[in-house]
Structures are given as structure tokens and as C-alpha cells.
Amino acid sequence: ILANARVDLARYNKLLAQNSIAAQTRDTQAALVKQYEATILSDKAQIDTQNLNLTYAHIVAPISGMAGLRLIDPGNYVQANATTGIVVLTQMDPMSVIFSIPENSVAAILKRLASGARLEASAYDQSGSTLLATGRLYALDNQINTTTGTLNLRAIFPNPKERLFPNQFVNVKLLVDTLKGMPLVPNAAIQRGSPGTFVYVIETNGGVKVQPVTLGPNTAQMTAVLSGLKAGERVVTDGADELRGGAKVRVVAPAGTAPTSPLAAGPPRTAHAAPPAPSARLPQRR
């Protein structure tokens with residue numbers, strides 16, 4: 001219709017130039033063309049409005065992740081200001097893990113971070129036997145929990161295979177430092193009493209002496225000794241409750257090995273030698 005009106009307007013313009021028609025006829029046709037053009041623009045605006053409404057009706061996730069069970073069923077009315085969402089979307093990669101450390105370990109971590117170190121973190125399953133992911137320390141909380149005496153830390157783990165799952169319980173090991181040349185002793189060998197922290201060291205004559213020690217980091221089985229013990233010295237790990245300084249002991253070989261001759265006569269006591277380790281990586285455990 002608009003094209004036909006424009007053709008008629010062009011024809012009327014020629015006739016008006018020849019004084020064959022009245023100017024009013026040409027002006028009426030020009031107004032009709034403008035009316036049709038305005039109608040088309042109005043229709044286009046309505047089309048744009050409906051396209052915009054379709055865009056609003058199409059929900060796009062702001063992040064990539066795993067969608068949970070839907071919270072709204074088909075047919076329910078959804079409003080923009082509704083407190084209940086449609087679905088919960090959880091980012092899977094990378095994964096953030098929050099864990100806590102005792103407050104007496106905070107100083108060592110802050111010292112390492114101040115030196116520019118990037119602390120490595122490892123996430124294990126609930127049993128602590130299967131490594132799920134490795135990442136790094138991302139941030140520390142700004143205050144210690146006075147109820148538990150711990151500080152919360154956040155570590156970030158790449159999770160491309162999605163072995164870490166949201167709200168999963170994991171054991172986190174944070175490698176703060178690597179101590180080299182430090183002797184290790186079983187936790188069972190460490191005693192506490194009036195001398196402070198000490199171990200019973202087996203002397204060459206078969207007797208034992210009380211040796212105060214300064215302890216370092218520990219795992220579930222072993223503890224590093226920062227001072228007070230030399231590599232190669234043997235310590236008592238069993239029967240220490242019955243020992244006193246100067247008492248005689250008899251070294252018993254572990255099961256499956258050849259028996260060891262008594263070092264000296266005296267009341268039988270049981271002792272196991274703790275083999276030294278030239279290097280130990282001792283992470284802080286969750």
C-alpha cells in the first residue's frame with residue numbers, strides 16, 4: 001500500500017507541475033504517504049517489543065556449572081522479585097574449599113606468605129587415602145574463631161574431572177614448608193612430663209636417658225624433631241610408661257626379622273628403634 005501511495009504521489013507531483021490538478025490533491029496524497037510510513041514504524045516497534053519480551057523469557061546462566069533439581073515446576077508463575085529461584089547453579093571448575101587450621105600454625109603460614117611463597121594444597125577423600133585434587137591456598141579469614149581456636153582458609157582447586165563435589169567433606173593438607181635433614185620419630189615415642197617434651201634415647205650400654213626435644217610439624221604417624229635428637233639415635237616407642245632415666249632395656253626385633261641380642265642384662269623392657277629420615281615433607285593437616 002505504501003509503495004502504491006508513493007507512486008501516486010510522484011504522479012501527482014508531475015500533474016501539479018503542469019497545473020493539471022489542484023495542490024490540495026497532491027497534499028492529501030503526501031499526508032497519506034506519511035501516515036502509511038508511520039504505521040510501518042509503529043509495527044516495527046511492536047515487533048522489537050515482542051523480541052525483547054522473548055529475550056526476557058529466555059533464561060541464560062551467568063556461569064557454567066552443574067544445575068541442581070528444579071525449584072519451580074512447569075506452569076508456575078515466575079516473578080523477577082521472587083525469593084525462590086528456578087534452579088541452583090553450582091560452579092564445578094575451579095572448586096573452592098574452606099578448611100581450618102589451629103591458631104598456633106598461623107604464624108608459620110603468614111611467614112611463608114610474606115616471603116612470596118605460593119602454598120600448595122591437596123584435597124583427599126573422607127578416608128584420607130585417595131587424592132582428589134591439588135591446588136593452592138587462595139585466602140585467609142581475618143579473625144580466629146575463639147570458640148574452636150582455629151582460622152579458616154580457602155583453597156582453590158582445578159576440577160576439570162569433577163572429582164570434587166559441592167558440600168563434599170574432604171581432608172585438606174597444606175604444604176607450608178619442606179624440612180630437610182630433620183630426624184623423624186613415631187608419635188608413640190614422644191613423652192610429656194616435668195622435663196617438658198622428651199623422648200627416651202637408647203644408649204650403647206642398653207640404658208635409656210631422658211632427652212628433651214623440640215618438636216616440629218607432624219603427621220598422623222610421625223613427628224619432626226627440630227632439636228634435641230640426632231639422626232641415627234634410637235628411641236623407645238613401647239613400654240615408656242615403665243621407664244625411668246638409667247633403666248635398662250632390651251631391643252626387640254620387629255616381626256618377620258631376625259632376633260636381636262639383648263644390649264645388657266636387666267629388667268626386660270621393650271623398645272623399637274626409630275629410623276632417621278634425611279628429608280621429610282610435613283604438611284599441616286586439616
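Between the side chain of T39 and the backbone N or O of Q35, at least one donor-acceptor pair lies under 3.5 Å. A distance-only check finds no donor-acceptor pair linking the side chain of Q29 to the backbone of R26 [under 3.5 Å]. In this structure, E203 contributes its side chain and K209 its backbone to no donor-acceptor pair below 3.5 Å.
Residues E162 and M66 meet the side-chain proximity criterion, which asks for heavy atoms closer than 4.5 Å. Residues K44 and I40 have side chains in contact (heavy-atom distance under 4.5 Å, counting atoms from C-beta outward). The side-chain heavy atoms of S96 and I156, taken from C-beta on, include a pair separated by under 4.5 Å. Two residues are said to be in side-chain contact when any heavy atoms from C-beta on lie closer than 4.5 Å; I109 and L174 meet this criterion. Within the 4.5 Å cutoff, side-chain heavy atoms of M222 are placed close to those of P186. Residues T130 and R163 are in side-chain contact: their nearest non-hydrogen atoms beyond the backbone lie under 4.5 Å apart. Annotation: side chain of I101 is not in contact with side chain of T150 (no heavy-atom distance under 4.5 Å). No side-chain heavy atom of N145 sits less than 4.5 Å from a side-chain heavy atom of N152.
The structure places OG1 of T223 at 13.5 Å from CE of M182, a figure rounded to the nearest 0.5 Å. How far CG of L2 is from CG of L9: 10.5 Å, rounded to the nearest 0.5 Å. Q168 CD to M95 CE: the interatomic distance, rounded to the nearest 0.5 Å, is 8.0 Å. A distance of 11.0 Å separates CG of L113 from CZ of R118, quoted to the nearest 0.5 Å. For the atom pair D93 CG and S64 OG, the distance stands at 8.0 Å (nearest 0.5 Å). Note that CZ of F169 and CG of D125 are 10.0 Å apart. Values are rounded to the nearest 0.5 Å.
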Exercise. Could you walk me through whether I202 and V236 pass the side chain to side chain contact (heavy atoms under 4.5 Å, CB included) check?
Worked result: CA-CA 7 Å; I202 304 175; V236 175; 3.9 Å; yes
Problem set entry | Derivation and outcome, side chain to side chain contact (heavy atoms under 4.5 Å, CB included), residues T49 and N53 | CA-CA 6 Å; T49 299; N53 290 335; 4.0 Å; yes
For this session: Test L179 against L226 for side chain to side chain contact (heavy atoms under 4.5 Å, CB included), laying out the working first.
Result: CA-CA 9 Å; L179 304 178; L226 301 180; 4.1 Å; yes
For this session: Verify side chain to side chain contact (heavy atoms under 4.5 Å, CB included) between L175 and L119, making sure each step is shown before the conclusion.
Result: CA-CA 6 Å; L175 179 61; L119 303 187; over 6 Å; no
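Both V172 and V106 are part of a single hydrophobic cluster, where members link through side-chain heavy atoms under 4.5 Å apart. Linking Ile, Leu, Val, Met, Phe, Trp and Tyr residues whenever their side-chain heavy atoms come within less than 4.5 Å leaves L32 and Y12 in two separate clusters. Cluster membership check: M92 shares its hydrophobic cluster with L164, using side-chain heavy-atom separations under 4.5 Å among Ile, Leu, Val, Met, Phe, Trp and Tyr. Under the 4.5 Å side-chain heavy-atom criterion for grouping Ile, Leu, Val, Met, Phe, Trp and Tyr, F165 is connected to F157 within one hydrophobic cluster. Cluster membership check: V176 shares its hydrophobic cluster with L110, using side-chain heavy-atom separations under 4.5 Å among Ile, Leu, Val, Met, Phe, Trp and Tyr.
Minimum heavy-atom separation, V199 to A189: CG1-O, 3.4 Å. For A5 against V33, the heavy-atom pair with the smallest separation is O-CG2, 3.5 Å. Nearest heavy-atom pair across L131 and S122 is CD1-CB, 3.8 Å. Listed here is the closest heavy atom pair of P158 and A133: O-CB, 4.1 Å. Taking both residues in full, the closest heavy atoms of A67 and L89 are given as N-CD1, 3.7 Å, listed atom of the first, atom of the second, then distance. The minimum heavy-atom distance between D141 and L151, with the atom names listed, is O-CD1, 3.7 Å.
Between E37 and R6, at least one side-chain N (NZ, or NE/NH1/NH2) sits under 4.0 Å from a carboxylate O, which counts as a salt bridge.
When the shell of 6.0 Å around CG of D73 is examined, it contains more than 12 heavy atoms from other residues, nucleotides or ligands. By the neighbour-count criterion of 12 heavy atoms within 6.0 Å, atom CD of Q24 is sparsely surrounded, having that number or fewer from other residues, nucleotides or ligands. The 12-atom threshold is exceeded at CG of L41, counting heavy atoms of other residues, nucleotides or ligands nearer than 6.0 Å.
Among residue pairs with one or both ends in residues 177-199, those qualifying as ring-ring contact (aromatic ring centres under 6.0 Å, His included) are F198-Y200; sequence neighbours excluded.
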